[in-house]
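First comes the structure, then the notes that go with it.
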Amino acid sequence: MPHRNSLFSALSIFPLGFLWFICLPAEAALKTYQFDIQVKNVSRLCHAKPIVTVNGRFPGPTVYVREGDRVQINVTNHAQYNVSIHWHGLKQYRNGWADGPAYITQCPIQTGSSYVYDFNVTGQRGTLWWHAHILWLRATVYGAIVILPQQGTPFPFPKPEREEVILLGEWWHADVEKLVNKANQLGSPPNKSDAHTINGKPGPLFPCSEKHTFVMEVEQGKTYLLRIINSALNDELFFGIAGHSMTVVEVDAVYTKSFATQALLIAPGQTTNVLVHANQIPGRYFMAARPFMDVQLPVDNNTATGILQYKGIPNTVLPTLPHLPKSNDSAFAFRYNKRLRSLNSPQFPTNVPLQVDRNLFYTIGLARNSCPACLNGTRLMASLNNISFTMPETALLQAHYFNVKGVFKTDFPDQPPKPFNYTGAPLTANLKTTIGTRLSKIAFNSTVELVLQDTNLLSVESHPFHLHGYNFFVVGTGIGNFDPGKDAPKYNLIDPPERNTVGVPTGGWTAIRFRADNPGVWFLHCHLEIHTGWGLKTAFVVEDGPGADQGILPPPKDLPKC
């Protein structure tokens, strides 16, 4: 692409302040927030430790905006770690500078420095979230984003009496960064978490839980909207509420055809909105989250609980637990995901690309690479098309925009180097991966189909994949090896779910489609932090379009430097 002559744009930065609001104006507004990254001592499970927080809160503050608003969030780093914040699911049209993944679209914010994330919320409404996007800091640095519809635009479902954000997470007794560093030195996986949490609280199934249980009070006969977010680092989770059915109405900030279910499956990075009708005998009912894992791998099997408590019921009443699927219930997982369908109404159409310009097929694999300093002389790695991604020292978007040579190559292959029986007998030979910062260049406005295929390299496993800068349509999924002749004709091209994060089933495949109409460098990665760290990631370089408003915007003046 041509070299840009000017390095930075003359963006005017408005004075910033933390804004809480109840009433929003009809016209587009400027919403400003101040995020102070700071270390605070927090106690859970009878243990206290310093954690990285935003504004001293765990989880962090909810960002409230309305569709059409401009948002400016000033992030000031007071912690000892360099940080960056990703606004997960926001498309950031032409504005990758506000996307947030460290060394992909920006250099991290250094200790003692600030950066203003300045972006517009266009054509999106619903529940998204934000989180740190460097190291494992999102273990504690995360929060919700609530995008309200434009004034006068009602929900396409019954209006709830009230709503509540439900953030599902994980907790470690140990310092997470020290734990990960030690594991990397050994070449082995880090220890699993010690608890799951609901809004940062493990609940009464754990010790020292008196102050660490989330309670939501409801009134009989009223309907509530729960905005549920899986902000855990490494676990897909089931979620349910004892005695109460949930009606799914939205996933990843896209409305769906509603359906009732007793339990949800939600992968790290995904969001799900449900309606809950308080129609049971007044009492106290556990809401619970526990992991889904359908292969023999170590996982934190503890169940986090919160309480749905009817108004006027004393705390002495013992809650009942919901009946969640068994931890290895892959049949439930498959059935649940099959039920997800886009609304596809005249007001909210589902514009699935029917013709495909570019077909991509990426295999997901685990490997052991040589590491003389590691335990057993090897290090666990992960790869796409047998390539483990190496993080650069210069942000990829900057290198692309300013035409800096030598930072990355655009030779990522469209197909794996050698076809094989991907989900057959476990493959234990020739498990080394190649290593490099290799991206795929995509023509502007072209339509892309990407099939993500799990493999039995070391082990099959489910993988939630997140694509930055885009929503995509999940047109097909299945178990075993993808067969284009048999599987593609069965695609749902009418009302497939539209998402930003999708699970690739254990020993199976998922096919997604999107139109590459957002120029920039956009990260694609597994949202299990352990696999991302092992190299299960790459990025798309989407070229500028021919129009004046189809190129990457100039970077802001305060863009962090490496």
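The closest donor-acceptor contact from the side chain of T213 to the backbone of S209 lies under 3.5 Å. Here the side chain of N445 pairs no donor or acceptor atom with the backbone of D517 at under 3.5 angstrom. Not a single donor-acceptor pair under 3.5 Å links the side chain of R358 to the backbone N or O of D414. The main-chain N or O of G469 is found under 3.5 Å from a side-chain atom of N518 such that the two form a donor-acceptor pair. Between the side chain of K441 and the main chain of T410, no donor-acceptor pair closer than 3.5 Å is present. A donor-acceptor pair under 3.5 Å links the side-chain atoms of S84 to the main chain of G100, judged by distance alone. Side-chain atoms of T363 never come within 3.5 Å of backbone atoms of P416 as a donor-acceptor pair (strictly under, hydrogens ignored). Using a distance-only test at 3.5 Å, with no hydrogens or angles considered, no donor-acceptor pair links the side chain of E236 to the main chain of L265. Distance alone, capped at 3.5 Å, places no donor-acceptor pair between the S193 side chain and the W172 backbone. With hydrogens and angles disregarded, a donor-acceptor distance shorter than 3.5 Å links the side chain of D175 to the backbone of E177.
H173 is listed as a side-chain neighbour of L45, based on a closest heavy-atom distance under 4.5 Å. Counting heavy atoms from C-beta on, the side chains of F523 and Y103 never come closer than 4.5 Å. Side-chain contact between Y470 and V542 is present, with at least one heavy-atom pair separated by less than 4.5 Å. Considering only heavy atoms from C-beta on, F472 stays 4.5 Å or farther from D252 through its side chain.
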N/O donor to acceptor pairs below 3.5 angstrom from side-chain atoms of residues 373-383, sequence neighbours left out:
residue	atom	partner	partner atom	Å
R379	NH1	N184	O	2.4

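Identified under the disulfide bond (SG atoms under 2.5 Å apart) test for residues 51-96, with sequence neighbours left out: none. Residue pairs meeting the disulfide bond (SG atoms under 2.5 Å apart) criterion with at least one partner in residues 34-146, sequence neighbours excluded, are C46-C208, C107-C562. Sorted by first then second residue, the salt bridge (charged side-chain N to carboxylate O under 4.0 Å, His left out) pairs that include residues 529-542, not counting sequence neighbours, are R138-E529.
Between T271 and T127, the side chains place no donor N or O within less than 3.5 Å of an acceptor N or O (distance only, hydrogens not considered). In this structure, a donor-acceptor pair under 3.5 Å is present between the side chains of Q34 and D36. Side-chain N/O atoms of N230 and Q270 include no donor and acceptor closer than 3.5 Å.
Using a 30° and 60° split on the angle between ring planes, F35 and Y33 fall in the perpendicular class, above 60°. Between W129 and H88, the ring planes are tilted. Angles from 30° to 60° get that label. Under the 30°/60° scheme for interplanar angles, the aromatic rings of W97 and Y401 are found to stand perpendicular. In this structure, W87 and W130 have tilted ring planes: the angle between them lies in the 30° to 60° band.
Residues passing the ring-ring contact (aromatic ring centres under 6.0 Å, His included) test with Y81, sequence neighbours excluded: none. Scored by the ring-ring contact (aromatic ring centres under 6.0 Å, His included) test, H212 finds no partners at all (sequence neighbours excluded). Residues passing the salt bridge (Lys or Arg N to Asp or Glu O under 4.0 Å) test with R513 are E449, sequence neighbours excluded. Every residue was checked against the ring-ring contact (aromatic ring centres under 6.0 Å, His included) condition with H78, not counting sequence neighbours, and none meets it. Residues forming a ring-ring contact (aromatic ring centres under 6.0 Å, His included) with Y362 (at least two apart in sequence, or on another chain): F412. By the salt bridge (Lys or Arg N to Asp or Glu O under 4.0 Å) test, R125 is found to be paired with E67, residues two or more places apart in sequence or in another chain being considered. Checked against side chain to side chain contact (heavy atoms under 4.5 Å, CB included), A79 has the following partners two or more places apart in sequence or in another chain: I37, V39, V52, N77. By the salt bridge (Lys or Arg N to Asp or Glu O under 4.0 Å) test, E163 is found to be paired with R227, residues two or more places apart in sequence or in another chain being considered.
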*Let me see the working for H131 and H527 under ring pair (Phe, Tyr, Trp, His ring centres under 6.0 Å), right down to the final yes or no.*
CA-CA 12 Å; H131 59 83; H527 222 276; 5.3 Å; yes
*Using the ring pair (Phe, Tyr, Trp, His ring centres under 6.0 Å) rule, take H468 and W522 through it: C-alpha gap first, then chi angles, then the decisive distance, then the call.*
CA-CA 5 Å; H468 292 226; W522 303 108; 7.7 Å; no
*Take I364 and L384 through the test side-chain contact (heavy atoms from CB on, under 4.5 Å) and record every step on the way to the result.*
CA-CA 5 Å; I364 303 164; L384 288 169; 3.9 Å; yes
*asked:* Before you tell me yes or no, could you show the steps for Y117 and F119 under ring pair (Phe, Tyr, Trp, His ring centres under 6.0 Å), namely the whole-Å CA-CA distance, both residues' side-chain angles and the distance that decides it to 0.1 Å?
replied: CA-CA 6 Å; Y117 291 93; F119 53 89; 7.7 Å; no
*asked:* With salt bridge (charged side-chain N to carboxylate O under 4.0 Å, His left out) as the criterion, how do R70 and D118 come out once you've worked through the C-alpha distance, each side chain's angles and the decisive distance to 0.1 Å?
replied: CA-CA 7 Å; R70 181 180 179 182; D118 187 345; 2.6 Å; yes
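Between the CG atom in L452 and the CZ atom in F465 there is a gap of 5.5 Å [rounded to 0.5 Å].
Residue K49 places its NZ atom among more than 12 non-hydrogen atoms of other residues, nucleotides or ligands, all under 6.0 Å distant.
A side chain to side chain donor-acceptor pair (under 3.5 Å) with T433 is found for exactly one of N369, N385, N386, namely N369. With H86 as the fixed residue, the side chain to side chain donor-acceptor pair (under 3.5 Å) test singles out one of H133, H466, Q106, Q92: H466.
Residues P61 and N55 come closest through the heavy atom pair CG-ND2, 3.9 Å.
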